[in-house]
Asker: 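Below you'll find the structure I mean.
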Amino acid sequence: MAWQTYGLDQEAQKLVLAAKQRNPESLNQSYKMRMAVAYGLERFWGEHLRLQEREPDKARYWKDVWDTLAHILAKAHITLPNDPVRNGNVQQIRAMSEKLWSMPLEDQRVALAILTQLCDCLVWWTQRYK
């Protein structure tokens, strides 16, 4: 099997440009995303919920990255949970967290590796467009 880039660099550029167009201050989230990868999928996913009410542009950037990750992983035949969740709905948050934690370990590792590389690309494009 050959190495597959999954267009991470192109996807990252699109994400950074969209965030910049909405609110240039959102771009600093790229660095925070890269750091958050180390804490796992569930914590990365949950960050958009934390930001939703106070900083919606930043929350949207995080959610857009998650949605893009789900799309990329689908190409690798990995299903990343991506249920619609309302902030404050404990049952929905708990269910989504359980789905993430119950992913096969190999799928989690692949998802984290791809997310890490995607975030590296986000940081690179952020540095270019700030």
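FYI, side chains are in, hydrogens and waters are out, and symmetry mates aren't considered; it's all heavy atoms of this structure. Residues: numbered from 1 along the sequence shown.
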Asker: Counting C-beta onward and ignoring hydrogens, is there a side-chain heavy-atom pair between Q13 and W124 closer than 4.5 Å?
Answerer: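 No. Closest side-chain heavy atoms not under 4.5 Å.
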
Asker: Does any part of the side chain of L100, heavy atoms only, come nearer than 4.5 Å to the side chain of L80, both counted from C-beta?
Answerer: yes

Asker: Please work out whether the ring planes of W45 and H48 are parallel, tilted or perpendicular, with thresholds of 30° and 60°.
Answerer: perpendicular

Asker: Is the shortest side-chain N to carboxylate O distance from R22 to D64 below 4.0 Å?
Answerer: yes

Asker: Under 4.5 Å between side-chain heavy atoms, counting indirect links through other Ile/Leu/Val/Met/Phe/Trp/Tyr residues: same cluster for V65 and Y31 or not?
Answerer: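 In one cluster with V65: Y31, no.
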
Asker: Do the side chains of T79 and L73 get nearer than 4.5 Å, heavy atoms only?
Answerer: no

Asker: Between Q92 and D83, is any pair of side-chain heavy atoms under 4.5 Å apart?
Answerer: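 When only atoms from C-beta onward are counted, D83 and Q92 do not touch, as no gap falls below 4.5 Å.
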
Asker: Starting from the C-alpha separation in whole Å, work towards a yes-or-no answer on side chain to side chain donor-acceptor pair (under 3.5 Å) for K58 and N28.
Answerer: CA-CA 9 Å; K58 292 177 182 179; N28 285 335; over 6 Å; no

Asker: Quick one: pull up CD in Q108 and CD1 in I78 and give me the separation to the nearest 0.5 Å.
Answerer: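 Spacing of CD (Q108) from CD1 (I78) equals 10.5 Å.
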
Asker: Mind checking the CD-OG spacing from Q21 to S26? Nearest 0.5 Å is all I need.
Answerer: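 So the CD of Q21 and the OG of S26 are separated by 12.0 Å.
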
Asker: Are the side chains of T116 and R34 in contact, using a 4.5 Å heavy-atom criterion?
Answerer: yes

Asker: Hydrophobic cluster membership, with links at side-chain heavy-atom distances under 4.5 Å among I/L/V/M/F/W/Y: are L15 and Y129 in one?
Answerer: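 Yes, L15 connects to Y129 through the hydrophobic network.
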
Asker: Enter the distance from L27:CG to W125:CH2 here, rounded to the nearest 0.5 Å.
Answerer: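 Answer rounded to 0.5 Å: 13.0 Å.
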
Asker: So, do V16 and R128 sit near enough that their side-chain heavy atoms are less than 4.5 Å apart?
Answerer: no

Asker: Within the supplied structure, the quantity of interest is the number of heavy atoms (other residues, nucleotides, ligands) at a distance under 6.0 Å from K32 NZ; does it exceed 12?
Answerer: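 No.
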
Asker: What are the two closest non-hydrogen atoms of Y61 and T126, and how far apart are they?
Answerer: OH-OG1, 4.1 Å

Asker: Search all heavy atoms of A70 against all heavy atoms of N82 and return the closest pair with its distance.
Answerer: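 A70 and N82 have their closest heavy atoms at CB-ND2, 4.0 Å.
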
Asker: Measure across Q29 and L51 and return the closest heavy-atom pair with its distance rounded to 0.1 Å.
Answerer: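 Minimum heavy-atom contact is OE1-CD1, 3.8 Å.
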
Asker: Under a 3.5 Å threshold, yes or no: a donor from one side chain and an acceptor from the other, between Y6 and Q117?
Answerer: no

Asker: To the nearest 0.5 Å, tell me how far F44 CZ sits from Y39 OH.
Answerer: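 If we round to the nearest 0.5 Å, F44:CZ and Y39:OH are 13.5 Å apart.
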
Asker: Rounded to the nearest 0.5 Å, how far does CG of L41 lie from CG of L112?
Answerer: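 One finds 4.0 Å between CG of L112 and CG of L41.
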
Asker: Hey, what do you get for CD (E42) to CD (E47), rounding to the nearest 0.5 Å?
Answerer: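 Reported value, rounded in 0.5 Å steps: 10.5 Å.
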
Asker: Can you name the closest pair of heavy atoms from L8 and L118 and give their distance?
Answerer: O-CD1, 3.8 Å

Asker: Got more than 12 heavy atoms from elsewhere within 6.0 Å of CD, E25?
Answerer: no

Asker: Do W66 and V110 share a hydrophobic cluster, counting only Ile, Leu, Val, Met, Phe, Trp and Tyr and linking them when any side-chain heavy atoms are less than 4.5 Å apart?
Answerer: yes

Asker: Is N23 reaching over with its side chain to a backbone N or O of D57, donor-acceptor style, under 3.5 angstrom?
Answerer: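 The answer is no, because no donor-acceptor pair under 3.5 Å joins these two groups.
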
Asker: Within 45° of the ring axis of W62 and under 6.0 Å from its six-membered ring centre, is that where the NZ or CZ of R60 lies?
Answerer: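 No, a cation-pi geometry is absent between R60 and W62.
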
Asker: With the side chain counted from C-beta on, respond yes when E11 and L69 share a heavy-atom pair under 4.5 Å apart, and no when they do not.
Answerer: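 The answer is no, as the side chains (C-beta and beyond) never meet within the 4.5 Å cut-off.
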
